[in-house]
Amino acid sequence: MKLQRAVAEISLGNLSSNLQLVRKKTGNKNILAVVKADAYGHGAVTISRHLLKNGVKMLGVACAAEGIELRNAGITVPIIVFFDTRNIEAFAEYNLTPVVFDLNTAKKISKAASGSKKLIPVHVKIDTGMGRVGFNHEEALTAVPEIASYENLRIEGIMSHFSDADLKNKNFARRQIKSFNRILSELKYAGLSFKYIHMANSAAVMTLPEAHFNTVRPGIMLYGYGCCEGEKLKPVMSVKSGVLFVKHVPEGTPISYCRTFVTKRRSAIATIALGYADGYDRRLSNKGRVIINGKFAPVAGRVCMDTFMADVTGIPNVSGESEVILIGSKGSRKITAQDIADDIGTIPYEVLTSIGKRVERVYK
Ligand SMILES: Cc1ncc(COP(=O)(O)O)c(C=O)c1O
């Protein structure tokens, strides 16, 4: 029985091609592929398996629960957990690698590890200007050696994160690299070295080779978005739905909640089976557009929870059989997550990670 209402088609071929570009830019550096937030909405288990098949050796997730999902799917490579200070017991139990950025949590992890008689690998986070989590320069010089002395922890990696490596002006990003380098050399002087050193997100993979160290940490570029015109990133996700209903209405007909759209002519209006609860942002009301039968059709009126309307006047043969492309292309017509992000004043990360659970992921 086919219960599909809307699909997100995921092109594993495009994922491979984007991964190839990471390799081209970084040579033989280790790739810690970022698959947090369900691989930016693409489905963490299948995406991770595909990346591992193509030579990726480490994965990055936001929290222990995301790591556990991958472990339960049989994935055995190191999984780095970027932001979790609560689920301490899970790190040892599921062989996860937490990122530590405060001594209190490091102590708790060490204590939990001593109970289970395990040696927990950790990566330490240095804040060089992101202002989110991490030891600052001064703290790092005392905290990192202290963590290194904890019996049940082994510092395997050290990392920092860029605030604005995607900007054209790289001054601040370069200052962050300089600061990270200074901390690394002072820690080296104190006798500490690290198996994995990483700082580069996608923007830095593409534009800041001096930030590649021995490991890179790309996310968005794997999924086909990011900076750098001219580079051949290929969007991995297309989102498609169908037409529920078509009506032909006279001029002056109000459409959807609060009548923000009123037809200016005799019109054909199609109701599409997807809404803001599926991640089709409500700010696309009277703003977005879709592709139906190879033609653009503008969103008419407010986007609803499960549906929205599109003005298909003049588009031939729109029916319940018509495919509606929300993200993707048909012939020369194309809509990207970047286009949608531009329409509503956000970034493609948010557009992709908002695509909801009711939209079935189909892998190609
Ligand atoms: C700690 C960390 N590393 C790497 C990334 C990947 O960044 P991007 O998707 O810009 O490549 C993220 C994403 O937000 C992150 O939080």
Practice task
Would you give the length of the straight line joining atom CG of Leu184 to atom CZ of Phe213, rounded to the nearest 0.5 angstrom?
Solution key: 6.0 Å
Handout entry: Minimal non-hydrogen separation, Ala165 against Leu208, with atom names
Key = CB-CD1, 4.0 Å
Exercise for the section: Could you tell me whether Arg259 atom CZ has more than 12 heavy atoms of other residues or ligands within 6.0 Å of it? Expected result: no
Handout entry: Asp339 backbone acceptor or donor facing Thr336 side chain under 3.5 Å
Key = yes
Practice task
May I ask whether Tyr349 and Leu284 are part of the same hydrophobic cluster, defined by side-chain heavy atoms of I, L, V, M, F, W, Y residues being less than 4.5 angstrom apart, directly or through others?
Solution key: yes
Practice task
Please tell me if the side chains of Val77 and Lys57 come closer than 4.5 Å, counting only heavy atoms from C-beta onward.
Solution key: no
Exercise for the section: Using atom types as modelled and distance alone, determine if a side-chain donor or acceptor of Ser185 lies under 3.5 Å from a backbone N or O of Arg182. Expected result: yes
Practice task
Just do the ring pair (Phe, Tyr, Trp, His ring centres under 6.0 Å) check on Phe308 and Tyr280 with the steps written out, would you?
Solution key: CA-CA 9 Å; Phe308 68 92; Tyr280 197 69; 4.5 Å; yes
Fill in the blank from the handout: Separation between CZ (Phe162) and CG (Asn201), nearest 0.5 Å, reads 6.5 Å
Practice task
Begin with the C-alpha distance, continue with both residues' side-chain angles, and end with the deciding distance and a verdict on side-chain contact (heavy atoms from CB on, under 4.5 Å) for Glu210 and Arg174.
Solution key: CA-CA 9 Å; Glu210 64 271 43; Arg174 292 217 166 85; 3.1 Å; yes
Practice task
Indicate yes or no for a side-chain donor-acceptor contact from Asp127 to the backbone of Val133 under 3.5 Å, with no hydrogens or angles considered.
Solution key: no
Problem - Check: Ser17 side chain, Gly13 main-chain N or O, donor-acceptor pair, under 3.5 Å - result: no
Exercise for the section: Look at atom NZ of Lys234 and say whether more than 12 heavy atoms of other residues, nucleotides or ligands are closer to it than 6.0 Å. Expected result: no
Handout entry: Backbone N/O of Thr215 and side chain of Asn30: donor-acceptor pair under 3.5 Å
Key = no
Handout entry: salt bridge (Lys or Arg N to Asp or Glu O under 4.0 Å) evaluation trace for Arg358 with Asp278
Key = CA-CA 6 Å; Arg358 295 193 301 191; Asp278 302 295; 2.9 Å; yes
Problem - Arg265 and Asp311 ion-paired at < 4.0 Å - result: yes
Exercise for the section: Would you mind reporting whether Arg175 and Thr128 have side-chain heavy atoms less than 4.5 Å apart? Expected result: no
Exercise for the section: Could you please spell out the steps behind the side-chain contact (heavy atoms from CB on, under 4.5 Å) verdict for Val122 and Ile120? Expected result: CA-CA 6 Å; Val122 300; Ile120 307 276; 4.2 Å; yes
Exercise for the section: Check Pro218 against Met221 and note the closest heavy-atom contact, atom names and distance. Expected result: CB-CG, 3.9 Å
Handout entry: Worked verdict on Thr105 versus Thr85 for side chain to side chain donor-acceptor pair (under 3.5 Å)
Key = CA-CA 6 Å; Thr105 307; Thr85 55; 4.9 Å; no
Practice task
Show your reasoning for whether ring pair (Phe, Tyr, Trp, His ring centres under 6.0 Å) applies to His123 and His198.
Solution key: CA-CA 10 Å; His123 289 210; His198 47 106; 5.0 Å; yes
Exercise for the section: Check whether the side chains of Thr307 and Thr271 place a donor and an acceptor atom closer than 3.5 Å, and report yes or no. Expected result: no
Problem - Hydrophobic cluster membership, Met305 vs Val324, 4.5 Å side-chain cutoff - result: yes
Handout entry: Heavy-atom closest pair, residues Asp84 and Ala64
Key = OD2-N, 2.9 Å
Problem - From Met199 atom CE to Ser179 atom OG, the distance as rounded to the nearest 0.5 Å - result: 7.5 Å
Problem - Main-chain N/O of Ala73 paired with Arg49 side-chain donor or acceptor, under 3.5 Å - result: yes
Practice task
Determine the minimum heavy-atom distance between Tyr225 and Ala337, stating which atoms define it.
Solution key: OH-N, 2.9 Å
Completion exercise
Nearest heavy-atom contact between Ala106 and Ile147 is CB-CG1, 3.9 Å
Exercise for the section: Please say whether the positively charged group of Arg289, taken as NZ for Lys or CZ for Arg, lies over the ring of Phe296, i.e. under 6.0 angstrom from the six-membered ring centre and within 45 degrees of the axis. Expected result: yes
Practice task
Is it possible for you to say whether Leu352 and Ile347 belong to one hydrophobic cluster, with membership spreading through side-chain heavy-atom contacts below 4.5 Å?
Solution key: yes
Problem - Heavy-atom side-chain contact between Asn18 and Val22 under 4.5 Å - result: no
Exercise for the section: Over all heavy atoms of both residues, which pair between Ala310 and Val290 is shortest? Give the atoms and the distance, please. Expected result: CB-CG2, 4.2 Å
Exercise for the section: Supply the atom-to-atom distance Ser48 OG to Ile75 CD1, rounded to the nearest 0.5 angstrom. Expected result: 4.5 Å
Problem - Single-linkage hydrophobic cluster Val216~Phe180, side-chain heavy atoms < 4.5 angstrom - result: yes
Problem - Side-chain heavy-atom pair Leu326, Leu274 within 4.5 angstrom cut-off - result: yes
Practice task
Keeping the roles fixed (side chain from Ser11, backbone from Asn14), state whether a donor-acceptor pair exists under 3.5 Å.
Solution key: yes
Handout entry: Trace of the side chain to side chain donor-acceptor pair (under 3.5 Å) decision for Asn104 with Asp102
Key = CA-CA 6 Å; Asn104 202 16; Asp102 74 276; 4.8 Å; no
Exercise for the section: Could you please spell out the steps behind the side-chain contact (heavy atoms from CB on, under 4.5 Å) verdict for Val81 and Phe91? Expected result: CA-CA 9 Å; Val81 181; Phe91 301 140; 4.2 Å; yes
Problem - Identified side chain to side chain contact (heavy atoms under 4.5 Å, CB included) partner of Ile10 from the options Ile47, Leu15, Val362 - result: Ile47
Handout entry: Step-by-step side-chain contact (heavy atoms from CB on, under 4.5 Å) determination, Ser193 to Lys188
Key = CA-CA 6 Å; Ser193 58; Lys188 188 173 175 195; 5.7 Å; no
Problem - Expected output: side-chain Thr346 to main-chain Ile344 donor-acceptor under 3.5 Å - result: no
Problem - Crowding at CG, Asn28 (>12 non-hydrogen neighbours, <6.0 Å) - result: no
Problem - Side-chain donor-acceptor contact under 3.5 Å, Lys125 with Ser160 - result: no
Exercise for the section: State plainly whether one hydrophobic cluster holds both Met130 and Val144, where clusters connect Ile, Leu, Val, Met, Phe, Trp and Tyr through side-chain heavy atoms under 4.5 angstrom apart. Expected result: no
Exercise for the section: Keeping the roles fixed (side chain from Arg361, backbone from Val7), state whether a donor-acceptor pair exists under 3.5 Å. Expected result: no
Practice task
State, with a plain yes or no, whether a side-chain heavy atom of Val243 is found less than 4.5 Å away from one of Glu323.
Solution key: no
Handout entry: Verdict with supporting geometry, His137 and Glu186, side chain to side chain donor-acceptor pair (under 3.5 Å)
Key = CA-CA 10 Å; His137 188 153; Glu186 288 171 25; 3.0 Å; yes
Handout entry: Check: Thr253 side chain, Pro250 main-chain N or O, donor-acceptor pair, under 3.5 Å
Key = yes
Exercise for the section: Identify whether the distance between the nearest side-chain nitrogen and carboxylate oxygen of Lys240 and Glu9 falls below 4.0 Å. Expected result: yes
Handout entry: Test item: Ser16 and His50 side chains (from C-beta on) under 4.5 Å apart, heavy atoms
Key = yes
Handout entry: Neighbour count >12 (heavy atoms, 6.0 Å) for atom CZ, Phe172
Key = yes
Fill in the blank from the handout: Distance col, row Leu52:CG vs Leu59:CG, nearest 0.5 angstrom, shows 5.0 Å
Practice task
Verify the neighbour count for atom NZ of Lys118: are there more than 12 heavy atoms of other residues, nucleotides or ligands below 6.0 Å?
Solution key: yes
Practice task
Give, for atom CZ of Phe194 and atom CD of Glu156, the distance between the pair rounded to the nearest 0.5 Å.
Solution key: 12.0 Å
